[in-house]
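One structure is given here, and the rest of the page talks about it.
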Amino acid sequence: MLKFSENLGDGRFFRKEEAIEIVVQRVRNCKACPLHETRINPVPGEGSLDTPIIFVGEGPGEEEDRTGRPFVGKAGQMLNKLLKEVGLSRDKVYITNVVKCRPPGNRVPTNQEMAACSHFLMAQIQIINPKVIVALGSTALSFFLEKKVSITRMRGKLIDWLGGKVIFPTFHPSYLLRNRSTGPGSPYELALQDMKKVKELYDEYRKV
Ligand code: SF4
C-alpha cells in the first residue's frame, strides 16, 4: 500500500505507483534519440517505490533489451550476488539506468543520448524520492556530477547532491566480471565493502 501522493507539477496528484506507470509508458513510446531504432524493448526500471536506495547503471545490455528488465544478464547476476551477500534483495531497492534503451554493441551512450533520456531518470528520482543514489560505474557517476570522473578514485565516497540526496559511487557489476580476482583489494572486495555501506544506509534511512 503506497502512503504518499506526488504532485507532478501540473496541478494533478498521483500515487507513486500511478506516477511511475506514466513514466514507464512514456519510456515505452519514446523515440527521442536514435537508440529507439535499434532497441528490442526499452528498459524503464523496476523495484520498490518506497525505498531509500535507487541503483543507476549506464544502460541496458543484450539480455535487458530482450526482456525489458534492468540488470537481468550476467552483470545483473553479479549485482544480485552482491546484494545477497549483504542481506539486501532487488525488491527492497529500485534499479534503473541513465539511458533506457540499449546502445548498440553495449557502447557507452553519447552525451546527446543521455541528455535526451535524462528527464525520465529525473522523474523516477522525483517520484521515488530516495535518500541515496548508487551510481554504478563511471558513466552514471559522471552523469550525476556533470563532469568526467574516475570511478576508481571516487567509489565508496558519499557525495552531496540535489535535494539533500547523496550519490554513492561504486563499480559497475560488468567491471567486476572483467576483473575476476576476489582477494584483498580486488574490485570485487571493494565492491562488497561498498555494498555493505549501501546496506547500512538502507537500514538507517528506511526508518525515516
Ligand atoms: S534511450 Fe531514452 S531518449 Fe532514447 S529513445 Fe530510449 S527512452 Fe527515448
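Numbering starts at 1 and runs along the sequence shown. All values reported here derive from a predicted model rather than from experimental measurement. We count ligands from 1, going down the list as the structure has it; atoms in each ligand are counted the same way.
The distance from ligand 1 to the heavy atoms of Arg39 drops below 4.0 Å at these ligand atoms: 5 (S), 6 (Fe). Set against the non-hydrogen atoms of Cys117, the atoms of ligand 1 under 4.0 Å away are 1 (S), 2 (Fe), 3 (S), 7 (S). Under a 4.0 Å criterion applied to the non-hydrogen atoms of His36, ligand 1 contributes the atoms 5 (S).
The salt bridge (Lys or Arg N to Asp or Glu O under 4.0 Å) test with Glu113 singles out one residue from Lys100, Arg107, Arg39, and that residue is Arg107.
Considering only heavy atoms from C-beta on, Leu192 comes within 4.5 Å of Leu82 through its side chain.
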Q: For side chain to side chain contact (heavy atoms under 4.5 Å, CB included), just list the numbers for Leu141 and Ile167, CA-CA rounded to whole Å, side-chain angles, deciding distance to a tenth of an Å, and then say yes or no.
A: CA-CA 8 Å; Leu141 179 60; Ile167 305 291; 3.9 Å; yes
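How far OH of Tyr175 is from OG1 of Thr170: 11.0 Å, rounded to the nearest 0.5 Å.
Under a 4.0 Å N-O distance rule, the pair Glu64/Arg102 does not qualify as a salt bridge.
Taking 2.8 Å as the threshold, Cys33 does not count as a candidate ligand of atom 2 (Fe) of ligand 1, since none of its N, O or S atoms lies below it. Taking 2.8 Å as the threshold, Cys30 counts as a candidate ligand of atom 8 (Fe) of ligand 1, since one of its N, O or S atoms lies below it.
Closest to atom 6 (Fe) of ligand 1 among all protein heavy atoms lies Cys101 SG, 2.3 Å.
Taking a 4.0 Å cut-off on heavy atoms, Ala116 registers as neighbouring ligand 1.
Few gaps surround CD on Glu21; more than 12 heavy atoms of other groups in view lie less than 6.0 Å from it.
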